[in-house]
Protein chains: 2
Amino acid sequence: MLKLTKKADYGLMALKYLAEHPDLAALSAKEVADAYGIPAQLLAKILQLLTKHGLLRSHAGMNGGYALARDARQISAYEVILAIDGPFFITSCIKGAKSCELTPSCTIKEPLARVNETIAGVLKSISIQDLAEHEHPAKRETDTQGLVALTL
Amino acid sequence: MLKLTKKADYGLMALKYLAEHPDLAALSAKEVADAYGIPAQLLAKILQLLTKHGLLRSHAGMNGGYALARDARQISAYEVILAIDGPFFITSCIKGAKSCELTPSCTIKEPLARVNETIAGVLKSISIQDLAEHEHPAKRETDTQGLVALTL
DNA sequence: TTAGTATAGGACCAAATATGTCGGGATTTC
DNA sequence: GAAATCCCGACATATTTGGTCCTATACTAA
């Protein structure tokens, strides 16, 4: 629970891979899949989804494949996850949804809605570029923590 | 994905309910289940889990039931979720885990580990007491909706 | 001491979701 | 036109979740 699906993982990995090879005009689904040992057909579909959502540009034919539709800095992890898994809510019954009709139950939702926003916020603040630059042993003490404290 | 299981939801609701009835020495699983329309036997097991993890105190026999083991302020949503669903990681391959052996794949993990910590942090900062005080009719107009609608 | 009310927990099933595969079609390049 | 590639719906499998059932045990009160 509270974890990304493999599809989302794969998608992020693929985008990261593309971001790391800006020189190449396009990479085929198969190339990326092989690079990571991901089932090719599955990755293909994921990349198709990302294309449909405007995060990638695709090109059929020989030497075809996928390329980032925008600069890696302009694509957030949030967008990727959203494109692949659809909108997510930490609780099933976020306000506005028609769940929770039977039960006047979910008095839980209100505070958790804010958790939801916080998570979305963090994910939005992470770009594909951030994923590609994985050599940053420093710089991680403070940042995120601040965020958290704030929103509550 | 990225959402709480129903069990965790139920658990939070139940604790909230207990927090709202500090007067009563104990509430049975059935009472709580009825209050929210939750399957009684399922909730029973959830409460058993919470008891095993020290968040509740249980008492068998007539007029038995469950009560918070500590002040509602001292029980975080994080603990509840952890007790019910076990440790969660946003990625399957958090550093330190032995996953990702086959694939040198998950270069993704490092940045997402921080997301994970952030989420944990937020959840730790929310207490059962916070859930119980649900009367905050103001301050909720915009938030969630904007998020979702926009990004899609 | 016994009947009734609870918790404790194992085994199991059903439903939902996630993961992965297959096969046919459409595009582009050579 | 052949090869490489994207596109996409249908299907099959695996895993997780949600929920039930049954039995045992503990406690209370009459």
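Chain letters run A, B, ... following the sequence lines, proteins first and then strands; every chain starts at 1. Predicted model, so just to flag it, every value in this text is computed and none were measured.
For A:Gln74, there are no side-chain hydrogen bond (donor to acceptor under 3.5 Å, both in side chains) partners two or more places apart in sequence or in a different chain. With sequence neighbours excluded, the residues forming a side chain to side chain contact (heavy atoms under 4.5 Å, CB included) with A:Ala44 are A:Ala29, A:Gln48, listed by chain and number. Applying the side chain to side chain contact (heavy atoms under 4.5 Å, CB included) test to B:Ala83 and every residue at least two apart in sequence or in another chain returns B:Leu50, B:His53, B:Leu55. Applying the side-chain hydrogen bond (donor to acceptor under 3.5 Å, both in side chains) test to A:Thr51 and every residue at least two apart in sequence or in another chain returns nothing. Not counting sequence neighbours, B:Pro22 has no partner by the side chain to side chain contact (heavy atoms under 4.5 Å, CB included) test. Residues that satisfy the side chain to side chain contact (heavy atoms under 4.5 Å, CB included) test with B:Leu82, not counting sequence neighbours, are B:Tyr78, B:Pro87.
Applying a 4.0 Å cut-off to non-hydrogen atoms, the residues of residues 49-63 of chain B that approach DNA chain D are B:His59, B:Ala60, B:Gly61, B:Met62, listed by residue number. For the segment residues 24-33 of chain B, the set of residues with a heavy atom within less than 4.0 Å of an atom of DNA chain D is empty.
Applying the salt bridge (charged side-chain N to carboxylate O under 4.0 Å, His left out) test to every pair with at least one member in residues 34-43 of chain B, sequence neighbours left out, gives these pairs: B:Lys30-B:Asp34. Among pairs with a residue in residues 40-68 of chain B, none fulfils salt bridge (charged side-chain N to carboxylate O under 4.0 Å, His left out), at least two apart in sequence or across chains. Residue pairs that meet the salt bridge (charged side-chain N to carboxylate O under 4.0 Å, His left out) test with at least one member in residues 58-76 of chain A, sequence neighbours left out, are A:Arg70-A:Glu79, A:Asp71-A:Arg73.
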Just the table, please: protein N/O against nucleotides 20-24 of chain D N/O, every pair under 3.5 Å.
unit_1	atom_1	unit_2	atom_2	d
D:dT20	O4	B:Lys45	NZ	2.8
D:dC22	N4	B:Gln41	OE1	3.3

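When the C1' atom of C:dA18 is taken as reference, atom CD1 of A:Ile84 falls 13 Å away, rounded to whole Å.
Side-chain nitrogen and oxygen atoms of A:Tyr66 include none within less than 4.0 Å of the OP1 or OP2 phosphate oxygen of D:dT5.
Of the residues listed (B:Ile46, B:Leu49, B:Ile38, B:Ile81), the one engaging B:Lys7 in a side-chain contact (heavy atoms from CB on, under 4.5 Å) is B:Ile46, and it is the only one.
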